[in-house]
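Step one of this worksheet: look at the structure below.
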Amino acid sequence: MSLNDDLTAVQRCLDDLVRSVHRLEQSVGPEGLEIRRVRTDADHLRESLALLRATAPGERSSPEMVLVPDAPYNSALWLDVDDEGLGARDRHAP
């Protein structure tokens, strides 16, 4: 699984947890200390996951391929360049 898939799976689980906590809150009542702690912990988990998503590296995509044509280059492009290690074309090497 990729990182993005893992984060999405955790997000789905957290969404299920929040829905379950909400249903539990309706059964038990929203004012008990225990249910408030569970609700707060679930909210902290959601915030932590959002921070993790924001800082997680993105999917690595393959670099875009650049096609190099087989046709010869225009020789006018190379008139004033030096040959590496040999110097200019009209002069002799040292």
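The model shown is predicted, which means the values in this text are computed figures rather than measured ones.
To the nearest 0.5 Å, atom CG of residue L14 and atom CD of residue E47 are 11.5 Å apart. Note: I35 CD1 to Q26 CD = 10.5 Å, rounded to the nearest 0.5 Å. With rounding to the nearest 0.5 angstrom, the CG atom of L7 is 8.5 Å from the OG atom of S2. The CD atom of Q11 sits 10.5 Å away from the CG atom of L52 when rounded to the nearest 0.5 Å. For the atom pair CG (N4) and OG1 (T8), the distance works out to 4.5 Å, reported to the nearest 0.5 Å. A distance of 15.0 Å separates CG of L17 from CZ of R12, quoted to the nearest 0.5 Å.
Both L77 and V68 sit in one connected hydrophobic cluster of ILVMFWY residues. Membership requires side-chain heavy atoms under 4.5 Å apart, directly or through other members. Residues V18 and L49 do not share a hydrophobic cluster, clusters being chains of Ile/Leu/Val/Met/Phe/Trp/Tyr side chains in contact below 4.5 Å.
Salt bridge present: R19 and D16 bring a charged side-chain N and a carboxylate O closer than 4.0 Å.
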Test side chain to side chain donor-acceptor pair (under 3.5 Å) on S20 and R23 and set out the steps. CA-CA 5 Å; S20 297; R23 285 192 303 268; 3.3 Å; yes
Stepwise side chain to side chain contact (heavy atoms under 4.5 Å, CB included) test for V28 and E34: CA-CA 10 Å; V28 176; E34 295 81 9; over 6 Å; no
